[in-house]
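A quick write-up on the structure given underneath.
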Amino acid sequence: MSQAETDVDVVARLTAVHERIAAAAAKHDRDPATIHLVAISKTKPAAMVERALGTGQRDFGENYLQDALAKIEALAKAEPAPRWHFVGDIQSNKTRDIAAHFDWTHAIDRFKIARRLSEQRPAALAPINACIQVNIDDETSKSGVAPDAVEALADRIAELDNVRLRGLMTIPAHTEDFAAQRRPFAALREIRERLNAAGHALDTLSMGMSADLEAAIAEGATHIRIGTAIFGARGQ
Ligand SMILES: *Cc1c(COP(=O)(O)O)cnc(C)c1O
């Protein structure tokens, strides 16, 4: 670990994130037990994940497959076992490893990827949990399905044996304004309501990151994906 990384107090930062979650839940009339914290450990060493595990944190999100597989291997015997979420885009050549090693995928945006995950899911494992990534504010640079294409994709994924469609995920454009942060999250919630009215049973809204988790909680987030606020800045 670099000096900067060892200086990050994961335990204190996790406590502070739990305080933010509790405060937002109280303010917006949410039961905090319905808000799951996925700690995004991408690029961070297994030792930092281990420290978070020691506090009872179970869910961890990764974005880069090779980096993730090394950590999953390093923590294979950890008790209790971490639950691994793949939150990045998935290329076809990555589906076999993701199907074998992850409990969740958050960024499905093509049927082909979902079908491969279903076909390649090892028989000994429960179906992999999946969210469709929605391109909620139509940014040209972002991945995800257009809002009006979500239902058709959901209908097809729901037919797969070894993928369990749980809900929707989004990464909106960055803004500091709270009302503006809430708008795309409200739009995602409405798409889920529409799909459920059409016969789906989606229980998951994967939305909210370090900078906008309060707005996501206000709009019904069930899974918030928090990296920087727990593990410190990445890269450099
Ligand atoms: C990196 C990442 C996060 C975490 O973002 P932070 O701003 O560090 O909290 C959440 N979701 C996805 C899909 C990511 O790639």
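Values reported hereafter were calculated over all heavy atoms of this structure, with side chains retained and with hydrogens, waters and symmetry mates removed. In listed order, ligands and their atoms are each counted from 1.
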[atom]: which protein heavy atom is closest, and how many Å away?
atom                    : result
atom 13 (C) of ligand 1 : V87 O, 3.5 Å
atom 11 (N) of ligand 1 : R225 NE, 2.9 Å
atom 8 (O) of ligand 1  : T228 OG1, 2.5 Å

request  = Just do the salt bridge (Lys or Arg N to Asp or Glu O under 4.0 Å) check on K71 and D67 with the steps written out, would you?
outcome  = CA-CA 7 Å; K71 262 175 267 186; D67 167 47; 3.4 Å; yes
remark   = R121 and I128 have their tightest heavy-atom pair at NE-N, 3.5 Å
ask   = What are the two closest heavy atoms between A39 and Q57, and how far apart are they?
value = N-NE2, 3.7 Å
ask   = Hey, which atoms in ligand 1 end up nearer than 4.0 Å to a heavy atom of I226?
value = 9 (O)
ask   = Which ligand 1 atoms does I171 reach within 4.0 Å, using its non-hydrogen atoms?
value = 13 (C)
ask   = With under 30° as parallel and over 60° as perpendicular, where do the rings of F231 and F60 fit, or are they tilted in between?
value = tilted
query = Would you say H106 touches ligand 1, if touching means a heavy atom closer than 4.0 Å?
reply = no
ask   = Should we count CZ of R96 as having more than 12 external heavy atoms under 6.0 Å?
value = no
request  = Flag yes if more than 12 heavy atoms outside N93 fall under 6.0 Å of its CG atom; otherwise flag no.
outcome  = yes
key: Any N/O pair I40/ligand 1 closer than 3.5 Å   = no
task = Pick, from G88, S210, A107, the option with the minimum heavy-atom distance to atom 6 (P) of ligand 1.
result = S210
inquiry  = Please state which option from K42, H223, M209, H174 has its nearest heavy atom closest to atom 2 (C) of ligand 1.
reply    = K42
inquiry  = Using a 4.0 Å heavy-atom cut-off, which part of N63 comes near ligand 1: side chain, backbone, both, or neither?
reply    = side chain
query = Is I230 reachable from V87 through a run of I, L, V, M, F, W or Y residues, each pair having side-chain heavy atoms under 4.5 Å apart?
reply = no
